[in-house]
Amino acid sequence: MHDIRWIRENPDAFDSGLARRGLSALSAQALEIDAENRTITTELQDLQTRRNDASKQIGALKGKGEDASEQMAAVAAMKDNMNALEERQKETVSALRALLESVPNIPADDVPDGEDEDDNVELRCVGDKPTFDFDVRDHVDIGESLGLLDFEAASKLSGSRFVVTRGALARMERALSALMLDLHTDEFDYTEVNPPLLVRDEAAYGTGQLPKFEEDLFKTTTDHWLIPTAEVPLTNLVAGDILDEAKLPLRFTAHTPCFRSEAGAAGKDTRGMLRQHQFTKVEMVSICHPDASADEHERMTGCAEEVLKRLGLHYRVVVLSTGDLGFSAKKTYDIEVWLPGQDRYREISSCSNCGDFQARRMSARFRPEDRKGTNFVHTLNGSGLAVGRTLIAVIENYQQADGSIRVPDALKPYMGGIEVIAPADAA
RNA sequence: GGAGAGGUGGCAGAGUGGUUGAAUGCGGUAGUCUCGAAAACUAUUGGGCGUGCAAGCGUCUCGGGAGUUCGAAUCUCCCCCUCUCCGCCA
């Protein structure tokens, strides 16, 4: 959601922001609707003032038992005009809203311009690629031969893009979640939240999934949406609120399943558990002061990176180009982990600063201490991390020649004494 | 699923067609008093939008939407939500 008042004052900045996204200029159209809307509003308010005055006179006259027919006739004469104006106002308001809510966020100044993900810019690369003195296998080979990753069973139950994990790998998935949650809550000041997985239209609208990206979501028979990420419930926690400035930032983390239809991804990543209809993720969300969001964004990315460092996984951080930026984000860092089985880096976390874009949609504000009125908060979200993909990364990076998987040191406290996942554990 | 009750300002809670954006209490803020504080007293205290350099002025807003009326928190209709009892149930 964009601020029409900002567009009024900065039409060129708005249009050039859209241009960086490869979109055509819209400020002229928005301002035209806005101008008409304001003309109508002023005219309508003028009539309302006169009607209210007359009605008060009518009330006073009738109270004294006097005749008020003159005033009543005057109000009646205004009525058609008022109804027509109200109708036109509804149209201009909804036209303006439809325009403002359909336009993606304006990229931050320091986001690199580009067409697509090929134009993303690598910022840093941490750790080293592991070396193997045997032929590396991917997580599918390793997991299936251990009997702990079962795609056939999953397709029997649910079709494609689902997986069943068992035994030590199921446990490792749980261990990874616990490690991440403990890290974010104990060391990074995030409050653990266990939110609903089913949300209403308003929540999905607030974070920007609706109305444009309905086809990416699953919907229930009760008209709820299955969350595609915990960003939706966590961010909407402050929807409609006016927060105390002193309480910012609010930091939430949650471990939840995520559900995605992957409608536009037919034929993409069909092998393995890289792209599933259902996966779990530990999410971080920050609600912060506008002046603090850029720093908070760096901090949040660092929190996600720390998980990978603890797990000893090699990764790199890229900043998304304007062509790869999501709808609600003004700037996004992707963390890509090295997957030996794929011989490439794959996204394992995405940390976005949405500025006031989502806050505007859900009306999440704070009260500045030094000024009257309210201000929109800034919202940020990031995966810390996608658990399913982290499991893949551990499987592939910690594989051994005999087909077993070493348990990373950081996970050992959560693995009940298991140090190596070997075929023997498969039973 | 069945039966009932209810949604009013930060909170509690009045208000069933007339100058009510809304009594009263609590809370918040500022001030008076005080060496300071408490108490007391006084004033002030929602949000959105329009207009204006600003002060201000205007308008909308009593869960949401539609309607009746010169005028709606108050009347009608639809929807949403909360609570209580019963049933069912992890």
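All heavy atoms count here, side chains included; hydrogens, waters and symmetry mates do not. Being a predicted model, the structure only gives us computed values, none of them experimental. Per chain, numbering begins at 1; letters A, B, ... match sequence-line order.
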Grab the [atom1]-[atom2] distance between [X] and [N] for me, whole Å please.
X       : N      : atom1 : atom2 : result
L47(A)  : G71(B) : CG    : C1'   : 16 Å
R50(A)  : G71(B) : CZ    : P     : 15 Å
I242(A) : C11(B) : CD1   : P     : 11 Å
R5(A)   : G52(B) : CZ    : P     : 14 Å
L96(A)  : G48(B) : CG    : P     : 18 Å
D53(A)  : C70(B) : CG    : P     : 18 Å
M82(A)  : U69(B) : CE    : C1'   : 13 Å
K90(A)  : G64(B) : NZ    : P     : 15 Å

Under 4.0 Å between a side-chain N/O of [X] and OP1 or OP2 of [N], yes or no?
X       : N      : answer
R51(A)  : C60(B) : yes
R38(A)  : G52(B) : no
R200(A) : C80(B) : no

When you check the gap from the basic side-chain N to the acidic O, do [X] and [Y] get nearer than 4.0 Å?
X       : Y       : value
R88(A)  : E36(A)  : yes
R161(A) : E262(A) : no
R50(A)  : D53(A)  : no
R310(A) : D182(A) : no
R271(A) : D141(A) : yes

Item to complete: Using heavy atoms to find the nearest nucleotide of RNA chain B for T41(A) and D46(A) separately, return the residue whose nucleotide is more 5′.
Response: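 With T41(A) and D46(A) compared, the 5'-side residue is T41(A).
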
Let's test this: given Watson-Crick or G-U wobble pairing with both distances under 3.5 Å, identify the partner of [N].
N      : answer
C85(B) : G2(B)
A37(B) : none
C62(B) : none
G25(B) : C11(B)
C75(B) : G67(B)
A54(B) : none

Nearest-Å distance once atom [atom1] is located in both [N] and [M]:
N      : M      : atom1 : answer
G58(B) : U32(B) : C1'   : 35 Å
C83(B) : G25(B) : P     : 31 Å
U59(B) : G1(B)  : P     : 45 Å
C33(B) : A37(B) : C1'   : 12 Å
A38(B) : G28(B) : P     : 11 Å
G15(B) : U24(B) : P     : 15 Å
U82(B) : C26(B) : P     : 32 Å
A22(B) : G9(B)  : C1'   : 9 Å

Sugar-phosphate only, base, or nothing, as touched by [X] at under 4.0 Å among non-hydrogen atoms:
X       : answer
R97(A)  : nothing
Q48(A)  : sugar-phosphate
T374(A) : sugar-phosphate
N52(A)  : sugar-phosphate

Practice prompt. Establish, for the pair R361(A) and Y205(A), whether the NZ or CZ atom is under 6.0 angstrom from the six-membered ring centre and no further than 45 degrees off its axis.
Written response: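 The answer is yes; both the distance and angle limits are met.
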
The side chain of [X] lies closest to which of these nucleotides: [options]?
X      : options                : result
V75(A) : C70(B), U51(B), G46(B) : C70(B)
Q45(A) : U19(B), C49(B), C70(B) : C49(B)
T49(A) : G58(B), G47(B), C81(B) : G58(B)
S55(A) : U19(B), G48(B), C70(B) : C70(B)

Worksheet item: Has the side chain of T185(A) got a donor or acceptor atom that lies under 3.5 Å from a matching backbone atom of T191(A)?
Response: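 Flag not set: sc T185(A) to bb T191(A) has no pair under 3.5 Å.
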
Worksheet entry | Check: H2(A) side chain, P104(A) main-chain N or O, donor-acceptor pair, under 3.5 Å |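 Side chain of H2(A) to backbone of P104(A): a pair is present.
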
